[in-house]
2 protein chains.
Amino acid sequence: MKDFHGTKVTLEEVAQAAGVSRATASRVLTSDPRVSLDARRAVERAASKLGYVPNQAGRALATGRSDAVALVVFEPTTLLFGDPFFPRLIRGLGDVLTSRDMQLILLAPQTASDADRVERYVAAGHVDGALLVSLPSAHPLPARLASRGIPVVIGGRPTEADRFNHVDVDNVSGSAHAVAHLVAGGRRTIATVTGRKDVPAGQDRLRGYQEGLKAAGLPPDDALIEAGDFTRDGGARAMRFLLVKRPQLDAVFVASDLMAVGVLEALHQAGRRVPEDVAVVGYDDDPMAIGLQPPLSSVRQPIEEMGREMARLLLDAVHSPDRPPRKVLLTTRLEVRFSSAPVVAKPTGEAV
Amino acid sequence: MKDFHGTKVTLEEVAQAAGVSRATASRVLTSDPRVSLDARRAVERAASKLGYVPNQAGRALATGRSDAVALVVFEPTTLLFGDPFFPRLIRGLGDVLTSRDMQLILLAPQTASDADRVERYVAAGHVDGALLVSLPSAHPLPARLASRGIPVVIGGRPTEADRFNHVDVDNVSGSAHAVAHLVAGGRRTIATVTGRKDVPAGQDRLRGYQEGLKAAGLPPDDALIEAGDFTRDGGARAMRFLLVKRPQLDAVFVASDLMAVGVLEALHQAGRRVPEDVAVVGYDDDPMAIGLQPPLSSVRQPIEEMGREMARLLLDAVHSPDRPPRKVLLTTRLEVRFSSAPVVAKPTGEAV
DNA sequence: CTAGAGTGTGGAACCGCTCCCAATGAAGGA
DNA sequence: TCCTTCATTGGGAGCGGTTCCACACTCTAG
């Protein structure tokens, strides 16, 4: 229908076509109220007829803003695309960002030089601020960005918790609750497959597990702790180790649902029934958790809410740069399903 | 160590610190050879001391380029992050793009208004060109972008194949080969779980299946065709339908590995042994195909290569906009594993 | 010794947009 | 009727780079 014949049309041309000055045309397009109805209509008509789209570079140069924020994910690409955490997070971010007409730009630095590139990218003004997730402990990036005056919000618990805006899920209490639930179901030898130890969420979930045991008066046992890496295969591998080290275990708390899939497979292969022999609780409440065999109990994190909160915090920081850093802590909820059903007293009377 | 005290440093300041003009400083930073060694060194020192990063908006405005390209994925976010296709594609794109210092920007329009937003985003000069994948048939976006003179490369087969640069995998012959392989293994009642019918890849794989049957002289049977949607659950559902409609089937060609996972589950639940009772061939050769029970035969697409080729085509188009559209067709390879092992003549002599 | 050909360099003109500021004219009040 | 006030407008100065162009200078060759 319309053909813009490949030429970039500028504000000047729109103004000319509408018979007004460039300044007035600009006002119309930035929704400045001080424009007469006539002028407004003329400009709008001209703009749509010419297929005008404001040039980003020009606008950014004049305003000093880019109307975009970066989501910087420190994960190998394969994990990024495997982990259901990210679509949920992005949905939450999107809720807030699109309502303010802001673009989300995804950056996934894989190497140290990539991380430098991210710093330059952000410092070059491509974006107005950065959202950082899966940040390894003590990574220099947040401080670097902050020293350049770039607003930053961290998802998860940063190393220096008070220096930066951050939104975290209460991983410790979420995990402790999961353990308490297993204890309440009659389990006594509770193992855990942890996440990566270099990620705060992994550390916190382990701590919650330990606190849960302690609260229940159960003895700690390092052989019941096996490190996973947030992958399905890693979960299966960890479970196999646990079964070798502590064959008598009767429950496992797994630090992510993806790993829990591997755990269930490993248990199945080892001939253990879930939940009769071993109860399993996962973490994340991935949609697939319901579809697993048996349906997986899981700690539900408010990830969409986390995204929304991160976006809000960042937009606030962009808007008023001198506000001191804020911290938001979100609570989890345990979704109880069949994989952690309580032990039943056996008919034969062989009590536990 | 270094603290840039939150102020943006400009080229002017670098030039001043180095005792040269802005022009000379700019030459150094754009690797223009016509600069004396002294000046070059002075500018480089000043730049690194001040932590200078060129402002993107200023540069883009002056050069008319942004040194970034968009990857536009027409998929629901959940699929985008579930499908292992994308990390591989992105790796391939990255190979070429990072070597030319170009940024990749991921856009995943979910709605029609998102698609309009993508058009504006690209037209605003955020990027120098666009890579389009999973494009629904007859989507107006490529033509819209082309009419604005924006270089475009399509991954997969576009509706009007000759108007646009595109890189495609030969889905038809790949699928036909898979069927030929099943026939060679002694299978005679070969069903298929298709992909989404509105995606060219889905259409082509179905066509390849049909051609494969025809080439083998097997009769077509619509009841052996069941639509999936490229998800695991969709695959399981489709398989269940097929088992009801044609219980005697002895092979299934599945248009993606993710669906094949569901297919294997459904077969297992129905008590069919793979490959003894039913042979299965998937598509994509997802890394997990090897780990499945049994290891899954699969048509391997050269996805990384597709990404590289797409990036090359786009960069060429950015560089020389008047070149006529080109087409690249990549070939597949069948990875034969245990899930499609041939039927063996039974010891009892009950020949086929 | 001088014209001609290179080198490096700085001044200044853009790139497209926003926004300050001054100017205009109409409306309202004294 | 004249002066303020207010709404609307256009001129023009940037924003931070790149690059054209002219200039100064050095170095050869005639």
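No hydrogens, no waters, no symmetry mates; every other heavy atom, side chains included, goes into these values. Letters go in sequence order (proteins before strands), and every chain restarts at 1. All of these numbers come straight from a predicted model, not from anything done at the bench.
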Check: So do the side chains of Leu71(A) and Leu89(A) get within less than 4.5 Å of each other, counting heavy atoms only?
Finding: yes

Next item on the list: Give me the one residue out of Leu145(A), Val72(A), Val122(A), Asn165(A) that meets side-chain contact (heavy atoms from CB on, under 4.5 Å) with Val152(A).
Entry: Leu145(A)

Notebook entry, point to check: Would a 4.5 Å heavy-atom cut-off, applied to side chains only, mark Ile150(A) and Asp128(A) as touching?
Noted result: no

Notebook entry, point to check: Could you give the CD-to-P distance, from Glu12(B) to dG16(D), as a whole number of Å?
Noted result: 10 Å

Next item on the list: Apply side-chain hydrogen bond (donor to acceptor under 3.5 Å, both in side chains) to Ser21(A) and list each qualifying residue two or more places apart in sequence or on a separate chain.
Entry: Thr24(A)

Notebook entry, point to check: Looking at side-chain heavy atoms only, is the closest gap between Val28(B) and Glu44(B) below 4.5 Å?
Noted result: yes

Checklist line | Residue-level proximity of residues 26-42 of chain B to DNA chain C when a heavy atom falls under 4.0 Å | finding: Arg27(B), Arg34(B), Val35(B), Ser36(B), Ala39(B)

Item checked: Contact check, side chains of Pro33(A) and Arg27(A), non-hydrogen atoms, under 4.5 Å -> no

Margin query: Just so I know, are the side chains of Arg148(B) and Val53(A) near enough to count as touching, which here means a heavy-atom distance under 4.5 Å?
Written below: yes

Note to self: To the nearest 10°, give me the bend of the helix from dC1(C)-dG30(D) to dA30(C)-dT1(D), comparing the axes of its five terminal pairs at either end.
What the structure shows: 50°

Check: Which two nucleotides bound the region of DNA chain C that has atoms under 4.0 Å from heavy atoms of chain B, read 5' to 3'?
Finding: dG8(C) to dG16(C)

Next item on the list: Nearest whole angstrom, please: distance from the P of dC15(D) to the CG of Asn55(B).
Entry: 12 Å

Margin query: Holding to salt bridge (Lys or Arg N to Asp or Glu O under 4.0 Å), I want the full list of residues that pass it with Arg88(B), two or more places apart in sequence or in another chain.
Written below: Glu304(B)

Would you mind writing out the side-chain donor-acceptor pairs for residues 307-316 of chain A within the sub-3.5 Å range, not counting sequence neighbours?
| from | atom 1 | to | atom 2 | distance (Å) |
| --- | --- | --- | --- | --- |
| Arg308(A) | NE | Asp95(A) | OD2 | 3.2 |
| Arg308(A) | NH1 | Glu305(A) | OE1 | 2.4 |
| Glu309(A) | OE1 | Arg312(A) | NH1 | 2.8 |
| Asp316(A) | OD2 | Arg326(A) | NH2 | 2.7 |

Margin query: For Leu61(A) and Arg65(A), find the nucleotide of DNA chain C closest to each by heavy atoms; which residue's nucleotide sits nearer the 5' end?
Written below: Leu61(A)

Note to self: In this structure, how many angstroms lie between the P atom of dG14(D) and the CZ atom of Arg22(A), rounded?
What the structure shows: 14 Å

Note to self: Within the structure provided, determine whether Val73(B) and Phe86(B) are in side-chain contact (heavy-atom separation under 4.5 Å).
What the structure shows: yes

